[in-house]
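Single-structure report; data block below.
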Amino acid sequence: MKRTGAQIVWECLVKEGVQVVFGYPGGANLPIYDAMRAYPGIHHVLPRHEQGGAHMADGYARVSGKVGVAMGTSGPGATNLVTGIATAQMDSIPMVFITGQVSSKLIGYDAFQETDVTGITLPITKHNYLVTDVNDIMPALREAFYVARSGRPGPVLVDITKDAQQAVVENWQYDASPIRLKGYRPDLRPASASLQKAIELINSASRPLILAGHGVLMSNAMQELRGFAEKANAPVAVTLLGIGALPASHPLNLGMMGMHGETWVNHAVQEADLLLAFGMRFDDRVTGNLKTYAPNAKKIHIEIDPSEINKNVKVDVSLVGDLKDILRQVNPLVKPGERAEWLNHIADMKGDSAVRDIQNLPDNGHLYAAHVINDLWRFTGRDTVITTDVGQHQMWAAQYFRMDKPHRWVTSGGLGTMGFGLPAAIGAKFASPQSEVWTVVGDGGFQMTMPELCTAAQEGIKVNVAIINNGFLGMVRQWQEFFYDKNYESTPMKSPDFVKIAEANGLKGIRVTERSQVEAAIREAQAADGTVVIDFRVEQEDSVYPMVPAGADLHAMIQRPSALVETPQDV
């Protein structure tokens, strides 16, 4: 077959099973776009900003389990993708970014819209390529998809010069042979001696605690996790990205750990005699002060990336490999556990610590963000996809939306990217068009990618936007309140009329100011045909509790002031 480099790009995407591409055309990738019409099996989505396109591809990948694909042109088009690339790298999301580059003869001469994008993205990609020869396009793209999805997943960038896109291969054929890369071994297996030592520690532990991270979901090891927990009778704490790994309704699921985790979970971590870290990396938001972290616990770390072992927390046993495979080896050797004393102790701690949640917030006409999230959970189905931006609303959503299914919770964890929520919801909707999709955003982060409302309108897709509007950069304001004597410098925020913004894009907008209006607004959004924006005007100076100050001991949590606590009641 006679194919241009641009056609080869699309031929490779078809062979990789790509169905949706989120991209923005420009001079350096125009040949790729000129060839696109001949490949109608791939749907192209035009974002309003390349960063939005990157987050859309990210949300698509997290919900679908497939590789997300985003495109941009050279120079500013490529640099606009950088935040989305870094977001995917920190959270181990399989993505392929394809950028156009100036012609190879112009590289290094400061040509119009020339930027060294491979140099810029080297620290924030799993791998990247600069392709200057048409014959290298197919090998680079095939390797990119292989690297992105294998081992610990991550983003890969392929930068293709314009002349390579325009060049012709006379007798082109797709190479479907297996890919083998020297020095790249994503199929590591744990040593049998380490497995045996892990089994001994598990079976002899009195107070074990499983720490379930994003790796459980990436490995699709949800059933293996559940089987291990139930057989060992070991409670499970989840990281922010591990939400959904075990149903929130499961009796062994204690909830989220860490900076804004449940009080009883953090105390359980500190009192455990064995921590089993499943697909998590001991992030600083999880551990607090490393010197006092789980001081009496032996530690077993199951992780696919060897570089994460002993990086933050020294462990007693490390099992390097795919979590699903390792648990399949471990589970038959685990002895059934009683551990009633340990579970009862945690239950007692939970009873003593139920002072921060929504049951204790006064329902006195004021609209609290926790009320909104709790009601959103009550009035939506269990298959609902929730994406979030980053900040207070993200933590409230993690606390109050009880996720029972995997791959339905989509949030930026490692990088903490404001502006992520709305575009990620659009990508998630393409990945799961039958699902109800809501994005919970703050008034600050939402304005960073708000133009993507027009993308949703143009595509005719339905996502519902819940803006937790408190008139502040809320989480920064909370830190200013707690640690900077309420010096609210540069955090009060004026916002546009979000209802009118929605209407300007041809969408429905709703404003809610009282708790009594919440259910009707949610029902109205669900009944509408297209994307709906709800502006929830919540309490301005509410805070997320509990909170472990940065660098503090994990058990040194700031609790909700007792003046705000009422008698618990079922809501």
Side-chain angles (χ1 to χ4, degrees), residues 239-240 243 255-263 265-266 283-289 353-362 364 366-374 376 386 388-401 411-421 439-448 466-495 535-566:
T239 66
L240 177 66
I243 291 174
M256 187 172 69
M257 68 184 98
M259 178 174 279
H260 293 292
E262 309 287 5
T263 304
V265 177
N266 288 344
D283 174 78
D284 62 286
R285 289 300 195 258
V286 163
T287 63
N289 183 3
S353 302
V355 295
R356 68 105 180 116
D357 63 14
I358 188 172
Q359 284 80 6
N360 302 301
L361 288 174
N364 55 10
H366 294 265
L367 184 60
Y368 290 93
H371 287 151
V372 174
I373 304 299
N374 184 259
L376 184 61
I386 296 291
T388 80
D389 235 281
V390 170
Q392 287 181 314
H393 64 277
Q394 177 190 32
M395 295 298 105
W396 280 315
Q399 291 175 339
Y400 299 117
F401 199 100
T411 195
S412 171
L415 197 65
T417 305
M418 292 178 68
F420 179 80
T439 185
V440 179
V441 297
D443 45 323
F446 177 62
Q447 291 183 73
M448 290 187 173
I467 305 174
I468 306 302
N469 184 356
N470 58 14
F472 280 97
L473 295 175
M475 187 60 83
V476 185
R477 183 215 61 77
Q478 178 170 330
W479 281 55
Q480 289 173 328
E481 177 187 350
F482 289 1
F483 311 119
Y484 294 90
D485 297 323
K486 293 190 176 182
N487 179 18
Y488 295 161
E489 176 58 46
S490 302
T491 49
M493 170 169 279
K494 178 178 174 58
S495 296
D535 179 12
F536 290 103
R537 299 290 184 90
V538 300
E539 283 292 295
Q540 287 194 289
E541 294 187 60
D542 193 14
S543 295
V544 182
Y545 296 99
M547 179 179 183
V548 180
D553 299 342
L554 188 61
H555 53 273
M557 289 164 277
I558 300 173
Q559 303 287 350
R560 180 176 294 279
S562 58
L564 296 180
V565 175
E566 292 189 345

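Index from 1, following the sequence.
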Using atom types as modelled and distance alone, determine if a side-chain donor or acceptor of [X] lies under 3.5 Å from a backbone N or O of [Y].
{"X": "N289", "Y": "A552", "result": "no"}
{"X": "Q447", "Y": "S495", "result": "no"}
{"X": "D283", "Y": "R285", "result": "yes"}
{"X": "Q399", "Y": "I373", "result": "no"}

[X] to [Y] - nearest heavy-atom pair and separation:
{"X": "D542", "Y": "Q392", "answer": "O-NE2, 3.0 Å"}
{"X": "N470", "Y": "E539", "answer": "CB-O, 3.6 Å"}
{"X": "I243", "Y": "A398", "answer": "CD1-CB, 3.7 Å"}
{"X": "P546", "Y": "T263", "answer": "CG-OG1, 3.7 Å"}
{"X": "F420", "Y": "T417", "answer": "CB-O, 3.2 Å"}
{"X": "L376", "Y": "V440", "answer": "CD2-CG2, 4.0 Å"}

Let me confirm one number: the [atom1]-[atom2] distance from [X] to [Y], rounded to the nearest 0.5 Å.
{"X": "M259", "Y": "M395", "atom1": "CE", "atom2": "CE", "answer": "9.5 Å"}
{"X": "D535", "Y": "I467", "atom1": "CG", "atom2": "CD1", "answer": "5.5 Å"}
{"X": "N469", "Y": "F536", "atom1": "CG", "atom2": "CZ", "answer": "11.0 Å"}

Quiz item: Parallel, tilted or perpendicular: which fits the ring planes of F482 and Y545, with parallel below 30° and perpendicular above 60°?
Solution: tilted

Practice problem: Look at the rings of H366 and Y368 and say which category their plane angle falls in: under 30° parallel, 30 to 60° tilted, over 60° perpendicular. | Solution: tilted

Quiz item: More than 12 non-hydrogen atoms from neighbouring residues, nucleotides or ligands closer than 6.0 Å to OH on Y484, yes or no?
Solution: no

Quiz item: What do you reckon, is CG of D485 surrounded by more than 12 foreign heavy atoms closer than 6.0 Å?
Solution: no

Exercise. Output, in order, the C-alpha distance, side-chain angles, deciding distance and verdict of side chain to side chain contact (heavy atoms under 4.5 Å, CB included) for T411 and L240.
Key: CA-CA 8 Å; T411 195; L240 177 66; 4.1 Å; yes

Quiz item: What do the steps show when you test M448 against D389 for side chain to side chain contact (heavy atoms under 4.5 Å, CB included), and what is the final call?
Solution: CA-CA 10 Å; M448 290 187 173; D389 235 281; 6.0 Å; no

Quiz item: Should R537 and D443 count as an ion pair when the cut-off is N to O under 4.0 Å?
Solution: no

Exercise. Start with the C-alpha distance between E541 and Y488, add both sets of side-chain angles, then the distance that settles side chain to side chain contact (heavy atoms under 4.5 Å, CB included), and finish with yes or no.
Key: CA-CA 11 Å; E541 294 187 60; Y488 295 161; 3.0 Å; yes

Exercise. Step by step, work out the side chain to side chain contact (heavy atoms under 4.5 Å, CB included) result for L473 and M418.
Key: CA-CA 11 Å; L473 295 175; M418 292 178 68; 4.2 Å; yes

Quiz item: Side-chain donor-acceptor pair under 3.5 Å between S543 and R477, yes or no?
Solution: yes

Quiz prompt | Side chain proximity check, H260 to M547, heavy atoms < 4.5 angstrom | solution = yes

